[in-house]
Asker: 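Please see the structure below; I have some questions.
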Amino acid sequence: MRTLAQPALSSVDELVINWHVTEACNFRCRYCYAQWDKAPDPRELFHDEAASRQLLEQLAAYFSPDNCRNPLRDALAWSSLRLNLAGGEPLLYGLRILWVARQAHSLGMRVSIITNGSLLTRDRIGELAPLLTVLGVSIDTADAAIARDIGRGSRNGSVLDLVELQQGLRFAREINPALHLKLNTVVSALNHREDMSALIGAIGPDRWKVLRMLPSVTDALAVTAEAFERFVDRHRCMGLPMCVEDNHDMSQSYIMIDPQGRFFQNAPTLKGYRYSRPILEVGVGSAFAQIEFEADGFVSRYVADGVGA
Ligand code: SF4
């Protein structure tokens, strides 16, 4: 990890590590790298219990707020560590993700998950919600036709049932009143004209993160800065807990691990990602030294966002 700018020591409540456990997803968003209906990839580390446990133990030790040997501490201080489970769609493998969440929890990490919401059954919510500090759901539109056009639907054409989702999220809050509920919306060429205020207001998240589609993999569906700004302006005075993230804010400001257990990072000049060697081969410290991470970018995003990634 090279901290690109070394500001005075900044401090945050928690450091967030995003583990993209799988590339598989039951949706097929046209702007996404995830692969629709992909069979479980044996190289995806989280299908292997022993390897997953090893990874989690190494992360918990290396990024412990008490580990003075982590060079990131020259740029940043944090008092707790959160593992954010992402995909693909992490709930495609519901029991496995539950196991990972329990392991991380037992190692002293806070745990969060970001899901497309389609597999948030009442049973799954009942098992997961007590383990989570943040539940994130990605919702790009309130309009079923736009959802289908984006690719936010399953093979049979069914899209997220927003009424069921609202019931599920209410249930999650009932069983874990401290749960922080977060919605993510990616603004693209297909939804930038939409008014989502009624839906967001009805769900009542603690945070609504609005992201401009990042052309990491493809330029398809990209929106101009002006169109993105108009979407933001349309929702700004609605009393919604909106936080806005443009492309620049996203570059190198996340700590991300890919399904094969490598750190990876986007870069402003690249269409695609840079990867470290696998963490379990070279160790967390060596792998982390192979990617770039902007601690000050993480801090400003974390402060603006309130709950980080
Ligand atoms: S739901 Fe998320 S992971 Fe799945 S295809 Fe869409 S953006 Fe990708």
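Predicted model, so just to flag it, every value in this text is computed and none were measured. Whatever order the structure lists them in is the order used to number ligands and atoms, beginning at 1.
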Asker: If the cut-off is 4.0 Å to any non-hydrogen atom of Asn116, which atoms of ligand 1 fall inside it?
Answerer: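 Those qualifying, in numeric order: 1 (S).
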Asker: Quick check on contacts: which atoms of ligand 1 are under 4.0 angstrom from a heavy atom of Cys29?
Answerer: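 Answer, ordered by atom number: 1 (S), 5 (S), 6 (Fe), 7 (S).
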Asker: Do the ring centers of Phe293 and Phe263 come within less than 6.0 Å of each other?
Answerer: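 No - the distance between ring centres of Phe293 and Phe263 does not fall below the 6.0 Å cut-off.
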Asker: Taking the cut-offs as 6.0 angstrom to the six-membered ring centre and 45 degrees off its axis, would you call Arg102 and Trp99 a cation-pi pair?
Answerer: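 Judged by the rule, Arg102 and Trp99 form no cation-pi pair.
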Asker: I'd like to know if Ser138 contacts ligand 1, where contact means a heavy-atom distance under 4.0 Å to any ligand atom.
Answerer: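 Judged by the 4.0 Å heavy-atom criterion, Ser138 does not count as contacting ligand 1.
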Asker: Show which atoms of ligand 1 fall inside a sub-4.0 Å distance from at least one heavy-atom site of Gly88.
Answerer: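 Selected atoms, number and element: 3 (S).
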Asker: Give a yes or no on whether a salt bridge exists between Asp233 and Arg236, defined as a side-chain N under 4.0 angstrom from a carboxylate O.
Answerer: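 So Asp233 pairs with Arg236 through a salt bridge.
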Asker: If the cut-off is 2.8 Å, does any N/O/S atom of Cys25 fall short of it from atom 6 (Fe) of ligand 1?
Answerer: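 No N, O or S atom of Cys25 is closer than 2.8 Å to atom 6 (Fe) of ligand 1, so no.
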Asker: Compute whether any side-chain donor of one residue and acceptor of the other, for Thr22 and Glu89, lie under 3.5 angstrom apart.
Answerer: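 No donor-acceptor contact under 3.5 Å links the two side chains.
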Asker: Counting from 1, what ligand 1 atoms have a heavy atom of Cys32 closer than 4.0 Å?
Answerer: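 Near Cys32, the atoms of ligand 1 are 3 (S), 5 (S), 7 (S), 8 (Fe).
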Asker: Report yes if the side chains of Phe27 and Ile150 come closer than 4.5 Å at any heavy-atom pair, otherwise no.
Answerer: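 Side-chain contact under 4.5 Å: no.
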